[in-house]
Chemist: 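Quick one: the structure is below, questions incoming.
Below, chains carry the letters A, B, ... as their sequence lines are ordered, and counting in each starts from 1.
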Number of protein chains: 2
Amino acid sequence: MAERMSQMLRSDARDNREHVLDAARELFAARGFDVPMREIARRAGVGPATLYRRFATKEELAAEVFGDEMRACHAIIEEGLADPDAWHGFCSVVERLCELHARNRGLTAAFSSTFPRAVDLAADRTRAMRLLGDLVRRAGDTGRLRPDVTVDDIVLVLAANNGIHATAMSVRVNASRRFAALAIRAFEEPESR
Amino acid sequence: MAERMSQMLRSDARDNREHVLDAARELFAARGFDVPMREIARRAGVGPATLYRRFATKEELAAEVFGDEMRACHAIIEEGLADPDAWHGFCSVVERLCELHARNRGLTAAFSSTFPRAVDLAADRTRAMRLLGDLVRRAGDTGRLRPDVTVDDIVLVLAANNGIHATAMSVRVNASRRFAALAIRAFEEPESR
DNA sequence: ACGTTAACGGACGCTGCCGTCCGCTTAGAT
DNA sequence: ATCTAAGCGGACGGCAGCGTCCGTTAACGT
């Protein structure tokens, strides 16, 4: 559908739309949702009006950008579910989600909280929740996961992971890795190993 | 010193100063550092000019407010150090710090990051760090704490705790409690009990 | 090549915040 | 009761970000 619309655009408009999305992706990832629209436009080599012509509001742009990131989340969880070792799959999901969120400031906002008008993100979110539920159940069956751990705990950890506000990305990612390791320790049944 | 200055103020000015501090405490706690100065003034029943006459800048006001909260942090840590059961003291510090930070949005900003001009807060911060170091060492000696846990891990957990962005305070506090429990599990040496 | 029309971007208006100024008010000393 | 200076707050200017308008440019069908 998005492609059909892009197809009807003139070639320069289509290019600019892509440039805007790329710029938004980079800036949202690096500095969170609070980057000014003008700066996205500037980085895309485009005037503000052009940006607003394609994306009527900041939320609309964010919805499109974070929709992509959401798909990355889904992919990670599904790969974890596909892991023959359920516990290992669970751990790698926690680790990789934490890292993804550390690399994308503001992705957590899309994941846990809700954007004003981003209805489609809510659907992605509930789908991710369902998948996470499967993951937790599957890991629980192995006995390696503490029996009282729920999906909410994962979401809590993800939200908390977003509290790591270091400015430099490398610092953020390192801290996030340590944090993921802590979280996994907290989730693991001590008597299982 | 602060009292000496207040003493020289006219009675109405002194009252208003207190009202402003009370309002700022409440609003910073409830909604974080981003509340408008006007709103603090309004809540204090005071004009903007009055507020700015007492606190030349927003940071100055925040420094004064969070200075008080800082003292609460110190008290918590010192009580933990005074606990005859070192491990129990350690746990209660983690729990109580998490809860305090959950009740005070933006306190973590003062605690871990640095305000532009809040020099005096930095001193409080390093003092808190030293105390936390003592706490960790003391808990480590009991063998209940995993030997690789450092002060940085506590700070990391505190920062992460601040990522719990629920709007309603009761929700935030509950989530924070669960989070503290998770953190303590992660810190505890599994073979020790 | 050329005309039509989509697309562009600089300039604009609006809102919300910070911090200041200045004419009026009132505490508190005499 | 009076006076004076400390104190007050509404109104102001400035800045930054969002979203829009309109005169100009250039894509692309013929």
Chemist: With respect to the phosphate group of C:dT26, does any side-chain polar atom (N or O) of B:R10 fall under 4.0 Å of OP1 or OP2?
Modeler: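 For B:R10, the contact criterion (side-chain N or O under 4.0 Å from OP1 or OP2 of C:dT26) is not met.
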Chemist: Is any side-chain nitrogen or oxygen of A:R54 closer than 4.0 Å to OP1 or OP2 of C:dC8?
Modeler: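 Affirmative; the distance criterion is met.
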Chemist: Can B:E18 and B:R14 be counted as an ion pair, charged N to O under 4.0 angstrom?
Modeler: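 Salt bridge absent between B:E18 and B:R14.
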Chemist: With distance as the sole criterion, do the side chain of A:R42 and the base of C:dG9 form a donor-acceptor contact below 3.5 Å?
Modeler: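 Answer no: no donor N or O sits under 3.5 Å from an acceptor.
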Chemist: For B:L61 and C:dG19, give me the distance from atom CG to atom P, rounded to whole Å.
Modeler: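 From B:L61 CG to C:dG19 P: 11 Å.
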Chemist: When you check the phosphate oxygens OP1 and OP2 of C:dC18, does a side-chain N or O of B:R38 lie under 4.0 Å from one of them?
Modeler: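 Checking C:dC18 against B:R38, no side-chain N or O comes under 4.0 Å of OP1 or OP2.
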Chemist: Please confirm whether any donor atom in the side chain of B:R14 sits under 3.5 Å from an acceptor in the base of D:dG7, or the reverse.
Modeler: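 In this structure, the two groups form no donor-acceptor pair.
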Chemist: Tell me the interatomic distance from B:L9, atom CG, to C:dT26, atom P, rounded to whole angstroms.
Modeler: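 One finds 19 Å between P of C:dT26 and CG of B:L9, rounded.
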Chemist: Would you say B:S11 places a side-chain N or O within less than 4.0 Å of OP1 or OP2 belonging to C:dA27?
Modeler: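 So the side-chain polar atoms of B:S11 never come under 4.0 Å of the phosphate oxygens OP1 or OP2 of C:dA27.
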Chemist: Look at A:R178 together with A:E99 and state whether they make a salt bridge at an N to O cut-off of under 4.0 Å.
Modeler: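 Salt bridge between A:R178 and A:E99, a charged N being under 4.0 Å from a carboxylate O: no.
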Chemist: Look at B:K58 and C:dC18 and indicate whether a side-chain polar atom (N or O) is within less than 4.0 Å of OP1 or OP2.
Modeler: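 Affirmative; the distance criterion is met.
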Chemist: Give the rounded distance in Å between these two atoms: CZ of A:F55 and P of D:dG19.
Modeler: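 After rounding, the gap between these two atoms is 14 Å.
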Chemist: Regarding A:T50 and A:N16, do their side chains bring together a donor and an acceptor under 3.5 Å, going by distance alone?
Modeler: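 Judged by distance alone, the side chains do not pair up.
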Chemist: Hey, which of these two, B:M37 or B:D12, hits DNA chain C nearer its 5' end, going by closest nucleotide?
Modeler: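 Here B:M37 is the residue nearer the 5' end.
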Chemist: OP1 or OP2 of C:dA7 versus the side-chain N and O atoms of A:N16: is any pair under 4.0 Å?
Modeler: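 Looking at the OP1 and OP2 atoms of C:dA7, neither is under 4.0 Å from any side-chain N or O of A:N16.
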Chemist: Rounded to whole angstroms, how far apart are CE on A:M8 and P on D:dC28?
Modeler: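 Between P of D:dC28 and CE of A:M8: 14 Å.
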Chemist: Tell me: CD of B:E59 to P of C:dC18, nearest whole Å?
Modeler: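 Value for this atom pair: 10 Å.
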Chemist: What is the distance, rounded to the nearest whole Å, between atom CG of B:D15 and atom P of D:dG9?
Modeler: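 After rounding, the gap between these two atoms is 12 Å.
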Chemist: Could you please name the option among C:dG9, C:dC21, C:dC18 that lies closest to any side-chain atom of B:P36?
Modeler: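 Side chain of B:P36 sits closest to C:dC18.
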Chemist: Identify whether any heavy atom of A:A13 sits under 4.0 Å from a base atom; if not, whether one sits that close to sugar-phosphate; answer base, sugar-phosphate or nothing.
Modeler: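 The residue A:A13 makes sugar-phosphate contact but no base contact.
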Chemist: So does A:F187 get a backbone contact from the side chain of A:R146, meaning a donor-acceptor N/O pair under 3.5 Å?
Modeler: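 Flag not set: sc A:R146 to bb A:F187 has no pair under 3.5 Å.
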Chemist: Looking at every heavy atom in both B:C98 and B:L158, which two are closest together, and how far apart are they?
Modeler: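 Shortest heavy-atom separation between B:C98 and B:L158 comes out as SG-CD1, 4.2 Å.
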Chemist: Measuring to OP1 and OP2 of D:dC18, would you say a side-chain N or O of A:T57 lies under 4.0 angstrom away?
Modeler: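 Indeed not, no polar side-chain atom of A:T57 lies that close.
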Chemist: Does the side chain of A:Y52 get closer than 4.0 angstrom to OP1 or OP2 of D:dT20 through an N or O atom?
Modeler: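 For D:dT20, neither OP1 nor OP2 has a side-chain N or O of A:Y52 closer than 4.0 Å.
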Chemist: Starting at atom CD of A:E60, determine the distance to atom C1' of D:dG19, rounded to an integer number of angstrom.
Modeler: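 After rounding, the gap between these two atoms is 13 Å.
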Chemist: Are the charged groups of B:E69 and B:R25 less than 4.0 angstrom apart, N to O?
Modeler: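 Judged by the 4.0 Å cut-off on N to carboxylate O distance, B:E69 and B:R25 do not form a salt bridge.
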Chemist: Atom CG of A:L51 and atom P of C:dA7: how far apart are they, to the nearest Å?
Modeler: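 These atoms are roughly 15 Å apart.
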Chemist: With hydrogens left out and only the distance checked, is there a donor-acceptor pair under 3.5 Å joining B:R17's side chain and the base of D:dG7?
Modeler: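 Result: no qualifying N/O pair found.
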